[in-house]
Amino acid sequence: MLKNKVAVVTGGTRGIGLAIVKAFLAEGASVALFGSRMETVNKAIDEIKAENPSAPVIGLAPDLSDYTSVEKAMMEVKNHYGRIDILANNAGISARESIYEYDPAAFQKVIDLNVNSVFYCAKAVAPFMKEQGAGSIINTSSMVSLYGQPSGCAYPASKYAVNGLTKSLARELGKDNIRVNAVLPGVTRTDMVAALPKEMVDSIAATIPLGRVGEPEEVANAFVFLASDKASYITGATLSVDGATQV
Ligand code: NAD
């Protein structure tokens, strides 16, 4: 589905991001994965190469909260592969603080990564995509962008902003044939969820109509579809991948 396409995946070293990288590679794309440190980037690449030694994948660790660093990394990817067709803005951190103890610097940190980096990465790749005549940008939002959550207000606030960027950029970039969509995962079995006691995961799963939490690969499949030409008339969409979770 993604033959001859080049993709950038931020937060591609583990969890949902690594599943997106693997799914994109399986569908024929060449991939640049971004992580916060070269050590974790190299670990992810080693894992991918152990499964497929000739996988077309490179890794970088730009500071996503700094536009100059993002711009430089995107230029490196463009120089390496010659183009960028797909951007998966997936890096993100969550929050749990009560507003009574919330350090404003901690609030800002969530916004810097979850919101600013989405804008920075989109701004850096949009000119390449415009020049190529097509592009697909997919942002990882969250089910909390529909319901909020009862603590760590920066996290849902950041994901509401991601939906706003998605819908606004879809309207702005449609004329350049650049599609912009968001995927809204529900509770997904990444390291964080895997570390929870089984009883806790079971009690979360019991509230979900499909009766279980999601797997990273199931979220990644939505990225593959939205990245592909099969989704050629889909832009500005917020696609829930959450088993119909209601809060
Ligand atoms: P994770 O913690 O397993 O992975 C996060 C990724 O982001 C890692 O690759 C990490 O390198 C990168 N990252 C973290 N801080 C960074 C920084 N400062 N600079 C650059 N990269 C950084 O998380 P995950 O669960 O796979 O989440 C991925 C995305 O999915 C996030 O945007 C998250 O908000 C969203 N999400 C996750 C769930 C879930 O249940 N896991 C649910 C809804 C949405």
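Each ligand, and each atom within it, is numbered from 1 in the order the structure gives. In what follows, every heavy atom counts, from backbone to side chain, and hydrogens, waters and symmetry copies are set aside.
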K.L.:
Under 3.5 Å, is there a donor-acceptor pair between the Ser54 and Asn52 side chains?
P.N.:
yes

K.L.:
Which residues satisfy the ring pair (Phe, Tyr, Trp, His ring centres under 6.0 Å) test with Tyr155, sequence neighbours excluded?
P.N.:
none

K.L.:
Name the residues in contact with ligand 1, where contact means a heavy atom under 4.0 Å away: which are they?
P.N.:
Gly11, Gly12, Thr13, Arg14, Gly15, Ile16, Ser36, Leu64, Asn90, Ala91, Gly92, Ile93, Leu113, Thr140, Ser141, Ser142, Tyr155, Lys159, Pro185, Gly186, Val187, Thr188, Thr190

K.L.:
Side chains of Thr238 and Asn163: do they bring a donor and an acceptor to under 3.5 Å?
P.N.:
no

K.L.:
Got a sec, which residues hit ring pair (Phe, Tyr, Trp, His ring centres under 6.0 Å) with Phe119, two or more places apart in sequence or on another chain?
P.N.:
none

K.L.:
Mind checking salt bridge (charged side-chain N to carboxylate O under 4.0 Å, His left out) for Asp112 and listing every partner two or more places apart, or none if nothing turns up?
P.N.:
none

K.L.:
Between Asp63 and Ser65, does any side-chain donor sit less than 3.5 Å from a side-chain acceptor?
P.N.:
yes

